[in-house]
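I have placed the structure first, in the form of structure tokens, so that the comments after it can refer back to it.
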Amino acid sequence: MSTHHNSALLSVQHLHKAFGGNQAVNDVSFSLQAGELLALIGPNGAGKSTMFNLVNGQLVPDSGSITLEGVSLVGRKPHALWHMGVSRTFQTAQTFGSLTVVENVQMALLSADGQSLSPWRRATHYRHADALQLLAQVQLDTQAHRAGNALAYGDVKRLELAMALANEPRLLLMDEPTAGMAPDERHALMQLTRDLVTQRGVAVLFTEHSMDVVFEHADRVLVMARGALIAQGTPAQMQADPHVQAVYFGGGKTFGAPASGTP
């Protein structure tokens, strides 16, 4: 039995980040376990994108700590985090449209192995079987030899997920993973993410605007408002929290689980 069983994979303690006089992130602390999907939500201007960019190395905090299994991530750039097992998907899919689907994954594998990305031609032979296996895990193996820019939007998101798994991440960061997707596609992508997380014991931190996705797929939810963490707990606890409802809806409406079939 692992001695790390009860300790957090990711630990964020007393994080602060100001821009001018504005406290974008004000004394935020939370932890994330392996195998857990943690949603970060909040109204516009809550500080969630700043918070997300602090964890993924785009920004450096003014104070506080971010550790992955006890190792500090503060001040490390995204490519350094990638080699430590921190992976991310982007709101706008970051794929190479001129390459085939399988070549996109081979590029990610090259990068994960610390290989040079040029000449491009090398990617076509690199770990081809491993790339196909990753595509099979996201149900894209039948489209392996199509051009990346010929994929439907939902399939681009699946490809991006396969690429994010190339470095065998311990922590997967997903920024608005279902933005622009139809409701059934949103749920399919998050169910796929859940299955992969369970199989691999990865921890996932994701930001999301679609409450139906959050309440159906997250294990826990962090709610930010005006730079501070105002609540955290299970989706059911957050749906029932009057403070959270007030922040989102001014107290008038409550979070309802949407009727099936509605976006």
Side-chain angles (χ1 to χ4, degrees), residues 8-19 21-56 59 61-66 88-89 91 171-183 186-187 189-191 193-194 197 203-263:
L9 183 98
L10 177 72
S11 177
V12 171
Q13 296 293 323
H14 305 297
L15 223 52
H16 288 266
K17 182 69 180 180
F19 299 101
N22 171 36
Q23 282 282 340
V25 171
N26 189 0
D27 198 22
V28 171
S29 299
F30 66 89
S31 62
L32 176 55
Q33 312 288 336
E36 185 177 36
L37 264 72
L38 181 61
L40 176 60
I41 67 171
N44 286 340
K48 60 185 186 299
S49 35
T50 302
M51 181 68 240
F52 194 82
N53 286 330
L54 289 167
V55 177
N56 71 32
L59 292 172
D62 298 334
S63 62
S65 66
I66 307 167
R88 63 176 291 191
T89 66
Q91 197 169 336
L171 174 63
L172 177 60
L173 306 171
M174 303 176 84
D175 187 17
E176 298 288 341
T178 71
M181 297 178 90
R186 290 207 290 262
H187 289 296
L189 182 74
M190 293 312 290
Q191 188 55 53
T193 303
R194 151 70 62 212
V197 159
V204 178
L205 175 67
F206 70 104
T207 62
E208 184 55 73
H209 274 110
S210 304
M211 287 301 126
D212 57 320
V213 169
V214 170
F215 292 137
E216 188 161 327
H217 299 284
D219 294 308
R220 274 191 309 130
V221 183
L222 303 174
V223 186
M224 286 185 72
R226 296 191 193 88
L229 195 58
I230 61 162
Q232 58 177 304
T234 65
Q237 287 168 335
M238 295 304 92
Q239 276 176 293
D241 188 311
H243 189 26
V244 173
Q245 290 178 5
V247 162
Y248 267 94
F249 301 116
K253 255 166 52 181
T254 59
F255 285 127
S260 61
T262 59

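Considering NZ of Lys17 and CG of Asn22, their distance stands at 12.0 Å, rounded to 0.5 Å. For the atom pair CG (Asn56) and CG (Asp175), the distance works out to 8.0 Å, reported to the nearest 0.5 Å. In this structure, Thr193 OG1 and Met174 CE are separated by 4.0 Å, a value rounded to the nearest 0.5 Å. Remark: Gln239 CD to Phe215 CZ distance equals 4.5 Å, nearest 0.5 Å. Remark: Ser29 OG to Leu15 CG distance equals 8.0 Å, nearest 0.5 Å. Between Leu40 atom CG and Leu173 atom CG the span is 10.5 Å, to the nearest 0.5 Å.
Shown here for Ala39 and Val214, the closest heavy-atom pair between the two residues is CB-CG1, 3.9 Å. Of all heavy-atom pairs spanning Pro177 and Thr207, the tightest one is CD-O, 3.2 Å. The heavy-atom pair separating Ala225 from Val247 by the smallest distance is CB-CG1, 3.9 Å. Shown here for Ala8 and Ser31, the closest heavy-atom pair between the two residues is CB-CB, 3.5 Å. Closest heavy-atom contact between Thr178 and Ser210: OG1-OG, 4.0 Å.
The closest side-chain heavy-atom distance from Val12 to Met51 is below 4.5 Å. Residues Phe206 and Leu172 form no side-chain contact, since every pair of their non-hydrogen atoms from C-beta on lies 4.5 Å or further apart. Residues Met211 and Ile41 form a side-chain contact, since some pair of their non-hydrogen atoms from C-beta on lies under 4.5 Å apart. Proximity of Leu38 to Leu205: side-chain heavy atoms (C-beta onward) are separated by under 4.5 Å at one or more points. Side-chain contact between Gln33 and Leu9: absent, with no pair of heavy atoms (C-beta onward) separated by less than 4.5 Å. With contacts defined as side-chain heavy-atom distances shorter than 4.5 Å, the pair Asn26/His16 qualifies. In this structure, Asn44 and His209 have side chains that are in contact, with non-hydrogen atoms separated by less than 4.5 Å.
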message: Between Met190 and Leu37, does the side-chain contact (heavy atoms from CB on, under 4.5 Å) criterion hold? Intermediate values first, please.
response: CA-CA 10 Å; Met190 293 312 290; Leu37 264 72; 4.2 Å; yes
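Within a 6.0 Å sphere centred on CZ of Arg226, heavy atoms belonging to other residues, nucleotides or ligands number 12 at most.
Results of the side chain to side chain contact (heavy atoms under 4.5 Å, CB included) test with Gln232 over Gln237, Arg220, Met224 single out Arg220 as the only residue that passes. Between His217 and the choices His187, Glu208, Arg186, Arg194, the side chain to side chain donor-acceptor pair (under 3.5 Å) rule is met once, by His187.
For the pair Asp219 (side chain) and Glu36 (backbone), a donor-acceptor distance under 3.5 Å is absent.
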